[in-house]
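See below for the structure under consideration.
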Amino acid sequence: MSIKNIRLEVMRFLEKNVDTFIEQYLVPIEKIWQPTDYLPNSQKETFFEDVKELRELAKELPYDFWVVLVGDTITEEALPTYESWLMEVEGVDNMERNGWSRWVRHWTSEENRHGDLLNKYLYLSGRVNMREIEITTQHLISDGFDIGTGRDPYKNFVYTSFQELATFISHSRVAELAKKIGDDKLSRMCKRIASDEMRHHYAYSEFVKNIFEVDPSEMMLAFQYMMKQKVVMPAHFLRESGQKISSAFEHFSNAAQRMGVYTASDYVDIMQKLIDKWQIDKLSGLTDEAERARDFLMKLPSRMAKISERLTVPVDSYTFKWVQPAVK
C-alpha cells in the first residue's frame, strides 16, 4: 500500500473520533462568546460615550503595537484561505461532508469571530487607516500561502499544532501589553481570542498524538520534515497597496520581535513543547529512517536556541500605511 493510501486509512480510522474532538475542544455556538460581547453596543444609549472611551484609551498605544495588532487582525481575516486549504487535505471530504470536513467547518466558525472582533475594534479606534488594512487583507486572501505541506494530513496537523500555539502566544502578549498601558478592555479581547487559539492547539496536537499511536514512523518523518524546512507564518505573503508579495512581512515580524510579541525564542520553545507533548523520545517500533528523524528532532531545539541567542532585530525605518491616519 502506498504512503498516500496509508494516510487515508489512518484518517478514516481517526474519523470515528471527530465528533468527540468537536465536543471536547470546540464550544457550542449558543454558548460561546461573540464579538458584540466585547465591543460598544450600538443599540445602547451609551454607545457614543463607550466609543469615545475606547478611542481615548487607543491614543496611548504606541506605533509598533498598532503594527502588530493590525498584522494579527489581517492574519485572522485571511480565514477563507485557511479553510479552503484544510478542506483539500487528504481524508477531508467536503463533498460527502464527512467527520473531518465537519471539524473544519466548526473550527472555521470559531476562528471567524477573531477577525470580526479585531476589525471592528480597529475601525472604532480611529488610529489606523482602515482602507489600507482592507487592501492588505484582500491581497493576502487573493495571494494565498504556501506552507510546504501539500495535501498531507500528517504535515498539515503538525503545522496547525505549531501555528495555533504561536497565535496563542501572539494574542496573549498583545493582551499583556494593552493591560500595561491601561487598556483593560482591549486586553480582555485579546485574552479571549488567545484562549480559543489554545483550545484549537490542544485539538490539533491531539490529532498528531493519535497518528503517532497508529503510524509512528511516518508521523515522525512528517514532523522532521516540517521542523527541517521551518514553519512559515500564514501571513508570510503580507503586502501593502502597490507592493509585491511578501514585501511587508519582514517589517511586521521585526515589529513583533521589538515588542516581544513573537520572537525567535518563542519559535524554539514551541518546537520543544511539541516534542515533549508527543513524547517522541519514548516511541518504539520506529524504522531506521524514523529513528534518525527522532535523533534530529531531539537535538534541534538546543541547536536553534543557540542560533536565536545570536539574532538581533534590525533597525527598521519602514512605516506602514496601515498606521497612518486616513485622508479626511
Side-chain angles (χ1 to χ4, degrees), residues 3-27 79 81-94 96-111 145 147-169 194-229 231-234 270-283 285-286 290 293-294 297:
I3 291 175
K4 177 181 176 181
N5 287 337
I6 291 172
R7 278 161 165 65
L8 279 172
E9 286 299 312
V10 170
M11 287 290 282
R12 287 169 185 152
F13 173 74
L14 296 179
E15 187 187 346
K16 66 180 185 294
N17 297 321
V18 169
D19 285 340
T20 301
F21 296 146
I22 291 173
E23 291 174 7
Q24 185 174 357
Y25 296 110
L26 301 180
V27 181
L79 184 61
T81 296
Y82 316 143
E83 182 181 39
S84 60
W85 148 62
L86 283 172
M87 284 297 190
E88 290 296 315
V89 170
E90 294 286 354
V92 180
D93 193 334
N94 190 36
E96 292 186 6
R97 299 174 70 85
N98 69 0
W100 284 115
S101 67
R102 188 161 58 252
W103 164 268
V104 173
R105 288 192 300 275
H106 280 255
W107 169 83
T108 301
S109 73
E110 285 202 359
E111 287 283 338
F145 66 179
I147 56 175
T149 56
R151 300 180 64 196
D152 184 341
Y154 294 13
K155 293 172 183 175
N156 278 292
F157 287 161
V158 170
Y159 181 86
T160 47
S161 299
F162 191 106
Q163 187 54 45
E164 294 282 16
L165 189 49
T167 311
F168 163 79
I169 291 169
S195 69
D196 282 359
E197 304 292 7
M198 181 56 85
R199 278 191 296 103
H200 298 166
H201 159 70
Y202 285 147
Y204 284 111
S205 60
E206 186 66 19
F207 298 167
V208 173
K209 182 181 177 183
N210 276 255
I211 296 171
F212 265 123
E213 291 173 359
V214 295
D215 194 9
S217 292
E218 285 300 318
M219 188 65 248
M220 187 72 73
L221 293 172
F223 187 19
Q224 180 204 32
Y225 174 89
M226 292 304 297
M227 296 301 97
K228 205 169 187 178
Q229 74 157 11
V231 173
V232 297
M233 297 299 105
I270 293 172
M271 188 188 309
Q272 186 63 60
K273 281 182 170 65
L274 294 179
I275 289 170
D276 295 341
K277 185 177 185 66
W278 295 327
Q279 298 182 313
I280 70 167
D281 59 323
K282 297 178 181 178
L283 293 173
L286 298 175
R294 170 164 55 188
L297 287 163

Of all residues at least two apart in sequence or in a different chain, which pass the side chain to side chain contact (heavy atoms under 4.5 Å, CB included) check with [X]?
X	result
D19	I22, R102
V232	I147, H236
A290	S217, M220, L286, T287

From CA spacing to verdict: side chain to side chain contact (heavy atoms under 4.5 Å, CB included), W103, L26: CA-CA 9 Å; W103 164 268; L26 301 180; 3.6 Å; yes
Side chains of [X] and [Y]: closer than 4.5 Å at any heavy-atom pair?
X	Y	result
M219	N210	no
I211	V10	yes
Q279	D281	yes
V92	M11	yes

State which residues pass ring-ring contact (aromatic ring centres under 6.0 Å, His included) with Y159; sequence neighbours excluded, sorted by chain then number.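 ring-ring contact (aromatic ring centres under 6.0 Å, His included) check on Y159 returns W85.
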Taking only residues two or more places apart in sequence, or in another chain, which ones meet Y82 in a ring-ring contact (aromatic ring centres under 6.0 Å, His included)?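 With neighbours one apart ignored, the set is F145.
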Do the side chains of E15 and R12 get close enough for a salt bridge, i.e. N-O under 4.0 angstrom?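 Result for this pair is no, no salt bridge flagged.
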Salt bridge (Lys or Arg N to Asp or Glu O under 4.0 Å): which pairs involve residues 207-223, sequence neighbours left out?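 Sorted pair list: R7-E218.
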Using ring-ring contact (aromatic ring centres under 6.0 Å, His included), reason through F157 and W100 one step at a time and then give a plain yes or no. CA-CA 12 Å; F157 287 161; W100 284 115; 5.5 Å; yes
Judged by atom type as modelled, is there a donor-acceptor pair below 3.5 Å linking the side chain of Y225 to the main-chain atoms of G148?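 Such a contact is found between Y225 side chain and G148 backbone.
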